[in-house]
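Convention: sequence-line order gives letters A, B, ...; per-chain numbering from 1.
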Protein chains: 2
Amino acid sequence: MPAALMPKEEVLDRLTRVFREYGYDGASIARLSAATGLGKASLYHYFKGGKQEMAGAVLAHVGSKFSALVIAPLKQHVDPERRLRTMTYGLNEFYDQGGASCTLDLFGFGSAGELFQPQLKGSIHRFRNALAEVIRAAGFDHNKAETRAEDAIVTIQGALVLGRATGETSVFQRVLKDLPERLLRPA
Amino acid sequence: MPAALMPKEEVLDRLTRVFREYGYDGASIARLSAATGLGKASLYHYFKGGKQEMAGAVLAHVGSKFSALVIAPLKQHVDPERRLRTMTYGLNEFYDQGGASCTLDLFGFGSAGELFQPQLKGSIHRFRNALAEVIRAAGFDHNKAETRAEDAIVTIQGALVLGRATGETSVFQRVLKDLPERLLRPA
DNA sequence: GTCTATAAGCAGATAGAC
DNA sequence: GTCTATCTGCTTATAGAC
């Protein structure tokens, strides 16, 4: 395979930015082309399945970044509070300090919803399980841990929605700061 | 003004359903036409400003339904716990038991975001103020009330996002059930 | 692997008959 | 007030040269 002008990693980063800003339907090939600097035909050379395959690749790319930044810290061999604190740093970076949208949100409706719901469901499942295990490690029972883990995801998603609607990132910042204590405080 | 074949109220309800299911960019005129049973030209007769005006009218329509179902209960002359409980019934209906998306979410990005952010911001502001006043009436100070009100909105939005991504409404139902107690419990 | 040029179809929007 | 027919431009996607 001959070298491309731009590493696929970089291409995916740029595609991701467009999908996250405009959503699936709003991310036109023209915009994706401009953002990558590649002509439309070059994009179709990379992704023979067209826009749908681009979105799928973006989803996988985003998923692997999320694993590295957010899931991995939850599996470290340190105390629960420390794991959750490290995770919040990862979340802060992953969501660009609260200024980025989540693909869980943007790919969950309309044409994208029909195509990608199974993947979204899987991502949520993995995140909730990793969170719940940390909370169990802190001494909470299975049900309590599952519920708190779910609440954490709800809170993160909600804060991102609010931040986007208001144009402010302060809600996300506050929520992130309080998250570890909230997940571990006595019932 | 001669009578129309369908009351504008009914037209707005149907437009709302499409915008809430597909988002702004995904809601094509063809779909809006099919959902209302009106030809494209008839839609443009109602809304001379085109799709942008349709979305604006939908936003206003949704806003007034939200006022009646959710804000009004918060201003009743009964105890705070009762006001919040009644509000959750309104939320349940407004969001179709958790199966409907929120325009705060769907109109917050892409082309819609640029057009409607001010209105979204206003809606959030009104909801948060109404919630905070009830929480203050229960004896909490201004800051605590504001924070809890904001958390409530975050939680509702997040639960809707999660519900859409997983195709389940159980998260929304649980969150709604716990909301009054959570907003009023001792600090 | 990248490009220019172009195809085919759908988008939003309008004209004008009834 | 509603319709059919139509316009223009943008959409996704492809062909084929370099």
Residues forming a side-chain hydrogen bond (donor to acceptor under 3.5 Å, both in side chains) with A:Gln76, sequence neighbours excluded
none
Distance-only donor-acceptor hits, side chain of residues 105-114 of chain A, under 3.5 Å, sequence neighbours excluded:
| from | atom 1 | to | atom 2 | distance (Å) |
| --- | --- | --- | --- | --- |
| A:Asp105 | OD1 | B:Arg164 | NH2 | 2.6 |
| A:Asp105 | OD2 | A:Arg164 | NH1 | 3.4 |
| A:Asp105 | OD2 | A:Arg164 | NH2 | 3.1 |
| A:Ser111 | OG | A:Asp25 | OD1 | 2.7 |
| A:Ser111 | OG | A:Asp25 | OD2 | 3.2 |

Could you tell me which residues satisfy salt bridge (Lys or Arg N to Asp or Glu O under 4.0 Å) with A:Glu168, sequence neighbours excluded, listed by chain and number?
none
Contacts of type side-chain hydrogen bond (donor to acceptor under 3.5 Å, both in side chains), residue A:Arg31, not counting sequence neighbours
none
Can you check whether B:Ser42 has a side-chain N or O nearer than 4.0 Å to OP1 or OP2 of D:dC3?
yes
In chain order, what residues pass the salt bridge (Lys or Arg N to Asp or Glu O under 4.0 Å) check against B:Arg85, with sequence neighbours excluded?
B:Glu81
For each nucleotide in nucleotides 6-18 of chain C, reading 5' to 3', give B when a protein heavy atom comes within less than 4.0 Å of its base, S when such contact involves only the sugar-phosphate, and - otherwise.
-----SSBBB---
Rounded to the Å, how far apart are A:Leu32 CG and D:dT12 P?
8 Å
Starting at atom NE2 of B:His45, determine the distance to atom P of D:dG1, rounded to an integer number of angstrom.
4 Å
